[in-house]
Amino acid sequence: MTSPLDHITDHRIIPVVVIDDAATAATLGDALVDGGLPLAEITFRTSAAPDTISTLADRGDLIVGAGTITSVSDVDAAVQAGASFLVSPGLSQAVVERAAEHNILLIPGAVTATEVQRAVEWGVRTIKFFPAETSGGIAAIRALSAPFPAVSFIPTGGVTAMNLADYLALPSVVAVGGSWMVERSLIATRNVNAMTQRTTDALRIVRAYEKENAA
Ligand code: 3PG
């Protein structure tokens with residue numbers, strides 16, 4: 001069976017979603033599936049997150065994770081809603097431990113050597129490098145990968161179609177996260193065409209990059 005992490009590393013992009021109304025979840029799901037990226041991180045920044053996760057998870061054609069997980073109760077709520085993986089902006093031992101109790105993948109945030117080392121001590125191998133662009137971006141990830149060769153990074157925060165390929169070029173970067181394909185306003189206005197187009201465009205960049213590097 002393909003694990004959530006395999007899905008993430010296969011697709012190489014996690015669409016990060018802030019959704020205001022769970023009634024728009026179906027449109028969001030359609031756009032991602034039509035765009036060829038059946039994967040989403042629904043952030044726990046709005047009260048619509050749990051219902052959105054349930055709606056998307058019930059479709060069966062999308063891998064749905066929960067983001068902005070900052071507490072043990074968030075972990076429990078996300079698991080209860082049907083999330084397949086969890087993402088945190090930072091590093092909390094309580095959150096790491098609770099996710100382990102649920103046996104669910106947690107990708108916590110870290111940007112310094114101390115944070116990465118602590119995460120590794122707690123058994124984490126895949127880290128969200130967040131906020132990527134303001135935390136040193138590509139140069140910082142490259143520098144951190146030297147002492148931590150077994151760590152994989154998912155840079156998020158300021159990643160767009162413009163710098164996506166540059167991040168993916170780093171061997172330690174297994175995927176990136178970003179909201180640009182599924183901007184909050186596009187979801188709210190049910191702009192399925194724009195979301196599908198941005199998703200398709202992002203995947204085209206990934207495929208072009210992969211083709212170039214396989215040659
Ligand atoms: C996140 O929570 O991962 C970020 O807010 C996404 O960052 P972006 O909006 O710059 O893509």
Are Phe130 and Ile107 grouped together when hydrophobic residues (ILVMFWY) are joined by side-chain heavy atoms under 4.5 angstrom apart?
no
Side chain to side chain contact (heavy atoms under 4.5 Å, CB included) partners for Gln197, two or more places apart:
Asp201
Given side chains that start at C-beta, do those of Asn163 and Glu133 come closer than 4.5 Å, heavy atoms only?
yes
So if you build clusters from Ile, Leu, Val, Met, Phe, Trp, Tyr with side-chain heavy-atom gaps below 4.5 Å, do Leu203 and Val159 land together?
yes
Pair Phe44, Thr70 - check side-chain contact (heavy atoms from CB on, under 4.5 Å), show working.
CA-CA 9 Å; Phe44 263 53; Thr70 58; over 6 Å; no
I'd like to check Arg12 versus Tyr209 (side-chain heavy atoms, cut-off strictly below 4.5 Å). Are they in contact?
yes
Is a side-chain donor-acceptor pair under 3.5 Å present for Ser71 with Ser73?
yes
Indicate if Leu168 and Val151 have the same hydrophobic cluster label, given that clusters are the connected sets of ILVMFWY residues with side-chain heavy-atom separations under 4.5 angstrom.
yes
Could you state the interatomic distance from CG (Leu56) to CG (Asp51), rounded to the nearest 0.5 Å?
11.0 Å
Please answer whether the main-chain N or O of Asp6 pairs with a side-chain N or O of Thr9 as donor and acceptor at a distance below 3.5 Å.
yes
Under a 4.5 Å cut-off applied to non-hydrogen side-chain atoms, are Ile8 and Val174 in contact?
no
Close side-chain approach of Trp180 to Leu164, heavy-atom, < 4.5 Å
yes
Residue pair Phe129 / Val173, side-chain heavy-atom distance below 4.5 Å:
no
Heavy-atom count check: over 12 atoms from other residues, nucleotides or ligands less than 6.0 Å from Asp61 CG?
yes
Within this structure, what is the CZ-CD1 distance for the pair Arg190 and Ile187, rounded to the nearest 0.5 Å?
11.5 Å
Applying side-chain hydrogen bond (donor to acceptor under 3.5 Å, both in side chains), name anything that partners Glu101, two or more places apart in sequence or on another chain.
Arg98
Quick check on the hydrophobic clustering: are Leu86 and Leu91 connected, directly or via other members, by side-chain heavy-atom contacts under 4.5 Å?
yes
Please tabulate, one pair per line, all N/O donor-acceptor pairs under 3.5 Å involving side-chain atoms of residues 138-150, not counting sequence neighbours.
unit_1	atom_1	unit_2	atom_2	d
Ser145	OG	Ile141	O	2.8
Ser145	OG	Ser172	OG	2.7

Please tabulate, for side-chain N and O atoms in residues 13-23, each donor-acceptor pair with protein atoms closer than 3.5 Å (sequence neighbours left out).
unit_1	atom_1	unit_2	atom_2	d
Asp20	OD1	Arg184	NE	3.3
Asp20	OD1	Arg184	NH2	2.7
Asp20	OD2	Arg184	NE	2.9
Asp21	OD1	Ala23	N	2.9

With Asp30, which residues qualify under salt bridge (Lys or Arg N to Asp or Glu O under 4.0 Å), at least two apart?
Arg59
Looking at Pro89 and Ile69, what are the two nearest heavy atoms and their distance?
CD-O, 3.9 Å
Before giving the answer on side-chain contact (heavy atoms from CB on, under 4.5 Å), spell out for Glu115 and Ile127 the whole-Å C-alpha distance, their side-chain angles and the decisive distance to 0.1 Å.
CA-CA 10 Å; Glu115 290 165 358; Ile127 285 173; over 6 Å; no
Closest non-hydrogen atom pair, Met162 against Asp166:
O-OD2, 4.4 Å
Looking at side-chain heavy atoms only, is the closest gap between Ile42 and Leu28 below 4.5 Å?
yes
Here the pair of heavy atoms bringing Pro155 nearest to Ala175 is CD-O, 3.2 Å
With side chains defined as the heavy atoms from C-beta onward, is the minimum distance between His11 and Val206 less than 4.5 Å?
no
Testing the basics here: between Trp122 and Ser92, what is the closest heavy-atom pair and its distance to 0.1 Å?
CZ3-C, 3.9 Å
Considering non-hydrogen atoms only, spot the tightest contact between Pro50 and Ala81 and give its length.
O-CB, 3.5 Å
Exercise: identify the closest heavy-atom pair between Ile63 and Ser84:
CG2-CB, 4.2 Å
Any pair with a residue in residues 167-183 that passes salt bridge (charged side-chain N to carboxylate O under 4.0 Å, His left out), sequence neighbours left out, goes on the list, sorted by first then second residue, please.
Glu183-Arg198
Side-chain ion pair, Glu210 and Arg207, N-O less than 4.0 Å
yes
Measuring from Thr27:OG1 to Leu186:CG, what's the distance to the nearest 0.5 Å?
12.0 Å
Do Tyr167 and Met181 belong to the same hydrophobic cluster, where Ile, Leu, Val, Met, Phe, Trp and Tyr are linked whenever their side-chain heavy atoms lie under 4.5 Å apart, directly or via other members?
yes
Show your reasoning for whether side-chain contact (heavy atoms from CB on, under 4.5 Å) applies to Met195 and Asp34.
CA-CA 9 Å; Met195 290 190 281; Asp34 291 351; over 6 Å; no
